[in-house]
Amino acid sequence: MPDAAPPIFDRPFACLYRQGFARVAVATPAVAVADPAANTAHHLALAQQAHDRHAAVCLFPELGLTGYACDDLFHQTALLDAAEHALAEIVAASAELMPVLLVGLPFRHQGAVYNVAAAVHRGRVLGLAPKTFLPNYREYYEKRYFASASDLPHDATATFAHPQLAARHDAPVPLSAQLAFAPVDVPGLTLAIDICEDFWAPVPPSTLAALAGATVLANLSASNATIGKAERRRTLAAAHSARTVSAYLFSAAGPGESTTDLAWDGQTLIHENGDLLAEGERFPTDPHLVVADLDLDRLAAERARLTTLRDAAAEHHEAVDAIRTVPFTLGLPHTAVPLDRPIERFPFVPHDERELDDRCHDAFHIQVQGLAQRLTAARIDRLVIGVSGGLDSTHALVVAAKTMDRLGLPRTNIHAFSLPGFATSSGTRTNAHTLAETLGVTMREIDITPACEQMLADLDHPYSQGHRTPDTYDIAFENVQAGQRNSVLFRLANHLNALVVGTGDLSELALGFCTYGVGDHMSHYAVNCSVPKTLIQHLIRWTAHTPDFAAAQQVLLDIVDTEFSPELIPGDATDQPSQRAEDVVGPYELQDFHLFYALRYGYPPTKIAYLAHHAWHDPAAGLWPPTLTDHDPRHAYDLPTIKKWLGVFIRRYYGFAQFKRSAIPNGPKVSTGGSLSPRGDWRAPSDASPNAWLNNLNTIPDTL
C-alpha cells in the first residue's frame, strides 16, 4: 500500500489555524417552543455544518434548547428534565464534532434554576456559565424564573442527575460566570461567555474575562426585536469588542420563538476589535449559519501594545484572578483549511467608497492642520517647496495650497521651485509648471546642472572627464543632484524667511529609498512622512475631484499616472530617464502591503506572505475603487514573487534603512497603519540585524 498522505500540518503554511487564525460560527436554529427534542435536532444540524466548515466555536441562542419565551413553564419539571436530556443528546453527538458548542438551557442546581450556557466539546461539558444580570423590567420577568450567577461562589461546580451525562463526567463541572475555555492546540484562542442582558450591563462579565486573557467573547442571546434595536446591538458589540480588544460573537433567537407578546429577528454578529466581520440575515425564514475567520494574532499584537489593558487588569486584579481557565484540546483537522476572509490588497486604502472618502478627507486635513500649526508657531507665512512633477511633491504642494487657504494667506506665499537636472524629463517638468500655475503659487525654475557639473569636477568624478558608461552614473552622481536641490531649497528658505516643506513619504522611509539629509529625507516640516505611496495616489485623485482644486484636475490626474522614477540617471532615449523605482525596491502596492502588517501588527514574514498570497494570487480580485481611478490592475503575484520582494523589504526595513528614520524631521501622524517617526510608533536600533526575519522568510515554501 502507498504511504498515507502526510497531515496538513506538516505544511503549516497552508492552514489558517497555523497562521494565527481561528474560524467561528454563529447559528440561528429554528425554535420549537418548549420542545427540547425538536430543538436538539435543529441544533445538531447546524453543529454539523459548523464541523464541516472546520469551525472552532459554534454559538447558539439563549435558552435555545427550550425556547426563551417559555415563561412559567421553566418551573415545570417535565420541561427541565427534557432540557437536560437534550443536553445529553448534544453532548453525545459532540464526540464526533470539532467545534465547541455553546448551547443555552435552564439548569437546576441546589434547588434553583439557572439560565446557563453549556460549553460542550468532544463528548463532555467543559463548563456551565450562568447568566449574571437577569432583566426584570418591561417585557422581561427573568427573576421570576432564574437565579443569578452572582448567587454562586466563584468556585462552584455542578453534577448531572441525568444518567448519560453523569456517566460522561467523572468529576463535577465548573458552574460560574467566571470561566474561560482555552484550547491548548490553538494558541491565542480563549473563549468566555455572556448571556443576553450581560451584554447590556455597564460592566459585562466578559470584560473581566478579557482582562484575564479571553480573546473570543460569545453572547447567547434571545433579545426580542423592536424598531432600531438591531443597530443598537451592532453598536454595543462593536464597542465592546474594541474596548476589550477581542472578538465578539452574538446570536439572537430567531424563527419559531413564541410571538405571544414579542417578535424575534435572529440577528447574528461577529465583530473583531470593533470591525464587523459577518452578519446574518435578520428575520430569517430558515435556520442558518454565519462563519468568519478571526485573526488572533491581530488581537495579540494590539493587546501587547496597549498598556491601558494591562493597567485595567491590575486595577481589577481580584476579579480577574477569580477567572477560572478550563484547558482542553480542540482536535484540529488534518485536511486543508484555507482562509475564508477578505484581505484587502491595499490595507492603507479602504475598498469601500464611503470609507475611502472619509480616509482621504481625514488624512488630507490632518496634513493641512499640521502644517498650518507649524507656520503659526514659527510665525512664518511663507513656504518653499521643490516641485518635480512627481507624486509626492505634487501632494505636498496641494497640502501647502490648502494650508494657505486655511490661514487666510495668498497662495503666492508658496514659493515652488522646479530644479531640473541631468535626467529631468520634459513631461514631469511641464507638469510641475502647469500644476504651480493652476494652483496660483509663485513658481520659478533653477537649473541645477551647472552647479552639479562643477561639483562633479571638484570631486574628479569620471563624468567630468567625459565618461558616459553605466558605471559613471554611480551613487555619487545621483546624490550630487539630490544634495544640490536640497541645498538650494534651504538657502532659498533663508533668503525668503520661509519653511521648507518635505515631500518624502512613508513607503520611501520604510524602504530607505531616500537620500540622507536631502529633500525626500530632510526638511523643516514633512507633511507626507506617514502617508504611504498607495494612499498618496488616492489622495491626489480625491483632491482632484474637490472644488478647491478643480482647475488643476487634469494635471493632477496626469501626475498620478506618471511612472515612479527619481530621474537622476539619463536614459538611452532622449528625454527618458533610465530608472524605474519599482525595479529597485519592488512594486509599491506590494511593499505597502508588507509594510502595513509589519508596522501595524509586527507579523512575521510567514504570515505576511500568507496574507499577501491570499490577497494577490487572483488576478480578478481586489481592484481599486473604480470611481477614483482609471486603473484596473487585473494582475497577480505568485508566492515566489511575493517572497522575492518581501526579502527586499526585510533587508531594507529591518536592516540599513533605520539610520535614516532615526533622523527624520517633524511631521503629522496620518496613517492608521502607523508612523515611522522615532518619536512616535517606531523606535529601533540603527544597527540591528535582519537575520531573524530572513530566517523566517526562508521557511516559506514556493507553492502551497
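- The side-chain heavy atoms of Leu269 and Leu276, taken from C-beta on, include a pair separated by under 4.5 Å.
- Between the NE2 atom of His51 and the CG atom of Leu44 there is a distance of 12.5 Å, given to the nearest 0.5 Å.
- Residues Ala47 and Leu101 share a closest heavy-atom pair of CB-CD2, 3.8 Å.
- For the pair His288 and Thr268, the tightest heavy-atom approach, listed with the atom from each and the gap, is NE2-OG1, 3.9 Å.
- Scored by the side chain to side chain contact (heavy atoms under 4.5 Å, CB included) test, Ala25 finds Ala50, Ala55, Cys58, Leu289, Val291 as partners (sequence neighbours excluded).
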Quiz prompt | Audit row: Gln19, Asp297, side-chain contact (heavy atoms from CB on, under 4.5 Å) steps and yes/no | solution = CA-CA 8 Å; Gln19 294 291 350; Asp297 287 344; over 6 Å; no
Quiz prompt | side-chain contact (heavy atoms from CB on, under 4.5 Å) evaluation trace for Leu63 with Tyr145 | solution = CA-CA 13 Å; Leu63 294 169; Tyr145 319 120; over 6 Å; no
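- His162 meets the ring pair (Phe, Tyr, Trp, His ring centres under 6.0 Å) test with His85; sequence neighbours excluded.
- Aromatic ring orientation, His169 versus Phe160: tilted (interplanar angle from 30° to 60°).
- Residues in residues 32-60 take part in these salt bridge (charged side-chain N to carboxylate O under 4.0 Å, His left out) pairs, two or more places apart or across chains: Arg53-Asp340.
- Here the closest non-hydrogen pair linking Ala118 and Leu128 is CB-CD2, 3.6 Å.
- His594 has its side chain out of reach of Ile650: every pair of non-hydrogen atoms, C-beta onward, lies at least 4.5 Å apart.
- The salt bridge (Lys or Arg N to Asp or Glu O under 4.0 Å) check on Asp81 picks up Arg108, with sequence neighbours excluded.
- Within the 3.5 Å criterion, the main-chain N or O of Pro604 finds no donor-acceptor partner in the side chain of Asn696.
- In terms of the ring pair (Phe, Tyr, Trp, His ring centres under 6.0 Å) criterion, residue partners of His121 (sequence neighbours excluded) are, by chain and number, Phe328.
- Proximity of a side-chain donor or acceptor of Arg310 to a complementary backbone N or O of Ala304 within less than 3.5 Å is detected.
- Formation of a donor-acceptor pair under 3.5 Å by the Asp185 side chain with backbone atoms of Gly331 is found in this model.
- No donor-acceptor pair closer than 3.5 Å links the side chain of Asp71 to the backbone N or O of Leu73.
- Between Phe60 and Leu46, the closest side-chain pair of non-hydrogen atoms falls below 4.5 Å.
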Self-check item: Phe348 and Leu595: CA distance, side-chain angles, deciding distance, side-chain contact (heavy atoms from CB on, under 4.5 Å) verdict
Solution: CA-CA 10 Å; Phe348 290 106; Leu595 171 61; 4.3 Å; yes
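- For the salt bridge (Lys or Arg N to Asp or Glu O under 4.0 Å) test, no residue two or more places apart in sequence or in another chain qualifies with Glu139.
- For the atom pair CZ of Arg282 and CG of Asp265, the computed distance is 4.5 Å after rounding to the nearest 0.5 Å.
- A search for side chain to side chain contact (heavy atoms under 4.5 Å, CB included) contacts involving Val245 returns Asn273, Leu299, Glu302, Arg303, Leu306, Leu309, not counting sequence neighbours.
- Qualifying ring pair (Phe, Tyr, Trp, His ring centres under 6.0 Å) partners for Tyr68, counting only residues two or more places apart in sequence or in other chains: Trp264.
- Among Arg233, Glu281, Lys229, the single residue meeting the side chain to side chain donor-acceptor pair (under 3.5 Å) criterion with Gln267 is Arg233.
- You'll find the side chain of Pro61 stays beyond 4.5 Å of the side chain of Leu220, heavy atoms only.
- Take His617 and apply the ring pair (Phe, Tyr, Trp, His ring centres under 6.0 Å) test, not counting sequence neighbours, and it matches His613.
- Of all heavy-atom pairs spanning His109 and Ala158, the tightest one is ND1-CB, 4.0 Å.
- Side-chain atoms of Ser241 come within 3.5 Å of backbone atoms of Gly274 as a donor-acceptor pair (strictly under, hydrogens ignored).
- Judged by distance alone, with hydrogens and angles left aside, the side-chain atoms of Asn219 form no donor-acceptor pair with the main-chain N or O of Phe250 at under 3.5 Å.
- When side chains are defined from C-beta on, Ile90 counts as touching His43, because their heavy atoms get closer than 4.5 Å.
- Comment: Arg144 engages Asp72 in a salt bridge, judged by a side-chain N to carboxylate O separation of less than 4.0 angstrom.
- The one candidate from Phe596, Phe21, Tyr597 that meets the ring pair (Phe, Tyr, Trp, His ring centres under 6.0 Å) condition with Tyr603 is Tyr597.
- Considering only heavy atoms from C-beta on, Glu84 comes within 4.5 Å of Phe107 through its side chain.
- Under the 3.5 Å distance criterion, the side-chain polar atoms of Arg324 are matched with a main-chain donor or acceptor of His154.
- The side-chain heavy atoms of Pro255 and Asp286, taken from C-beta on, include no pair separated by under 4.5 Å.
- In this structure the side chain of Trp682 reaches within 4.5 angstrom of the side chain of Leu599, judged on heavy atoms.
- For Glu89, the salt bridge (Lys or Arg N to Asp or Glu O under 4.0 Å) criterion is met by no residue, not counting sequence neighbours.
- Nearest heavy-atom pair, Pro287 versus Pro29, reported as atom, atom and distance to 0.1 Å: CB-CA, 4.1 Å.
- Salt-bridge check for Asp681 with Arg305: failed, with every basic side-chain N at 4.0 Å or more from each acidic carboxylate O.
- Of the listed residues (Val57, Leu59, Leu189, Leu191), just one forms a side-chain contact (heavy atoms from CB on, under 4.5 Å) with Val24, and that residue is Val57.
- The distance from atom OG of Ser251 to atom CG of Leu102, rounded to the nearest 0.5 Å, is 10.0 Å.
- Listed by first and then second residue, the salt bridge (charged side-chain N to carboxylate O under 4.0 Å, His left out) pairs involving residues 94-104 amount to none (not counting sequence neighbours).
- Using modelled atom types, one side-chain atom of Arg345 and one backbone atom of Ala615 make a donor-acceptor pair closer than 3.5 Å.
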Can I get a per-line list of side-chain donor-acceptor pairs under 3.5 Å for residues 193-201, giving both atom names and the distance, sequence neighbours left out?
residue, atom, partner, partner atom, Å
Asp194, OD1, Ser206, N, 3.0
Asp194, OD1, Ser206, OG, 3.4
Asp194, OD2, Ser206, OG, 2.5
Asp194, OD2, Tyr248, OH, 3.1
Glu197, OE1, Tyr137, OH, 3.1
Glu197, OE2, Tyr137, OH, 2.8
Asp198, OD1, Thr132, N, 3.2
Asp198, OD1, Phe133, N, 2.9
Asp198, OD2, Ile195, N, 3.1

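- Here the closest non-hydrogen pair linking Leu294 and Glu272 is CA-OE1, 3.3 Å.
- Here the CG atom belonging to Leu611 is positioned 7.0 Å from the CG atom belonging to Leu339, to the nearest 0.5 angstrom.
- With Arg23 contributing its side chain and Leu16 its backbone, the two residues share no donor-acceptor pair below 3.5 Å.
- For the atom pair Asn39 CG and Leu105 CG, the distance stands at 11.0 Å (nearest 0.5 Å).
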